[in-house]
Protein chains: 2
Amino acid sequence: MSTATVPARKSFRETQFEVREEAILAATNRLLASRGYELMSMDDIAAEVGIAKGSLYRHFESKEALAAAVMVQLLERTQEALAALPADLSARGKLAQLLRWTLAERLAGGVPHLPSTSPTLRDSLLANRAYMDRLMALSEAVGGMIRQARRDGHLRADMSEEFVLFTIYARSCDPTMDFLKATGSLSDEQIVEQMVSACFDGIGATGPAATSDGAKR
Amino acid sequence: MSTATVPARKSFRETQFEVREEAILAATNRLLASRGYELMSMDDIAAEVGIAKGSLYRHFESKEALAAAVMVQLLERTQEALAALPADLSARGKLAQLLRWTLAERLAGGVPHLPSTSPTLRDSLLANRAYMDRLMALSEAVGGMIRQARRDGHLRADMSEEFVLFTIYARSCDPTMDFLKATGSLSDEQIVEQMVSACFDGIGATGPAATSDGAKR
DNA sequence: GTCTATACTGAGATAGAC
DNA sequence: GTCTATCTCAGTATAGAC
């Protein structure tokens, strides 16, 4: 009988291939987080993984495709983190927890620098079905939480759902975190808490002392 | 007698040279704002100004020096905006107004994309005396306003001066603005006001309904 | 000082041996 | 499939004519 009768068992080579692919994705993730898309070269990735540059192209057909694969992984991890949130949490509590998770992940070096204004990368992502599907699914899930939190009266009524969504998304690439990390005066946990608090409550004091700030025009 | 006896009158050629230099700086500013440092090429700048690429190097010795000159201009414009604030405004009011000015400037396409993680550019800026002097002067001025606003009870006491400073600085490159601009559902003025409000007051509702959000750990 | 033309480098991608 | 070697192109910077 041929070996074809053995069904799902993967060969050693196949396993090796997948392990290597994961290593490539992990290395790319790190480099994308630390340097961003433009400053990350395929040579860097190959060196970090410890393979030849040419081999990268057996796994991913281009730098853009590789970056997209990393972004897909990030969106999937985020969805998992979202699904793992305690069900008894309020919508606002979930939003805050999700933000905490993202910021902690970023501090651990796990979140690619998104604001790459590279038009080619942008187009490549927009054309990537896997990426767009996951992005829309995540946005819909978070959007639902935002709508619920607004119904609960936990989010400001004068800000649109889309504004809140963008604001929360943008925190994942806020350079404030890099500055704070660089000064070293706060622990990672403190950084995360202050960022979350600043996002939801602002930097201004509330209460009687802050009512007449003269800033309204 | 030689023409050296004629003192401060600039020749036509000198004026032309300065006019051209201003055009170079303006073009670089635009490109830096739209694409960022890495994606802006010297070819782009030359084409935008309408001169030969080689001529750029008669004005600025390198791409880094050119970017630094643009950043110096930005810091100087910011200082001027700060000096022009109404004296009767509270410290918090001034901070808010300065933030408004910066965001409006950014929407008008006038603020270079700072978060360039290019190590060479970073080092170049850190070594640039003109840039560092102005950056420190501005930080000191804004820092003074933050300290005053805290004394007034207009800023949260549980956030450090440096955290507030970074948070305000970071708004000038917040991608939320790009998203909002792209959707087109808000006018520029509305975008600015919402950003300022989100920065100082947060996205969360205040008052009794928001007190128990279940997000504290 | 400005132009055209070019040297040099880094980086994305491919070819061909094994 | 992985390697080494190479192609190609974009981009910074410089050289030389005018």
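Every chain is numbered from 1 and lettered A, B, ... according to where its sequence line falls, protein lines coming before strand lines.
- Under the side chain to side chain contact (heavy atoms under 4.5 Å, CB included) criterion, A:Arg134 pairs with A:Val72, A:Leu75, A:Glu76, A:Ala130, sequence neighbours left out.
- Side-chain polar atoms of B:Thr120 and B:Asp123 form no donor-acceptor pair below 3.5 angstrom.
- Proximity of a side-chain donor or acceptor of A:Ser197 to a complementary backbone N or O of A:Glu193 within less than 3.5 Å is not detected.
- Note on ring orientation: taking the six-membered ring where Trp is involved, the planes of B:His59 and B:Phe17 are parallel (angle under 30°, cut-offs 30° and 60°).
- B:Leu99 CG to B:Arg171 CZ: the interatomic distance, rounded to the nearest 0.5 Å, is 8.0 Å.
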Pairs under 3.5 angstrom, nitrogen or oxygen only, protein versus nucleotides 5-12 of chain D, please.
from   : atom 1 : to      : atom 2 : distance (Å)
D:dT12 : OP1    : B:Met40 : O      : 3.4
D:dT12 : OP1    : B:Lys63 : NZ     : 3.0
D:dT12 : OP2    : B:Met42 : N      : 2.7

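- Close approach of DNA chain C to chain B, defined as any atom under 4.0 Å from a non-hydrogen atom of the protein, starts and stops at C:dT2 to C:dT4.
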A:Arg92 vs A:Asp201, salt bridge (Lys or Arg N to Asp or Glu O under 4.0 Å): CA-CA, chis, key distance, verdict
CA-CA 12 Å; A:Arg92 170 167 167 167; A:Asp201 305 321; 3.4 Å; yes
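- In this structure, a donor-acceptor pair under 3.5 Å is absent between the side chains of B:Ser124 and B:Tyr131.
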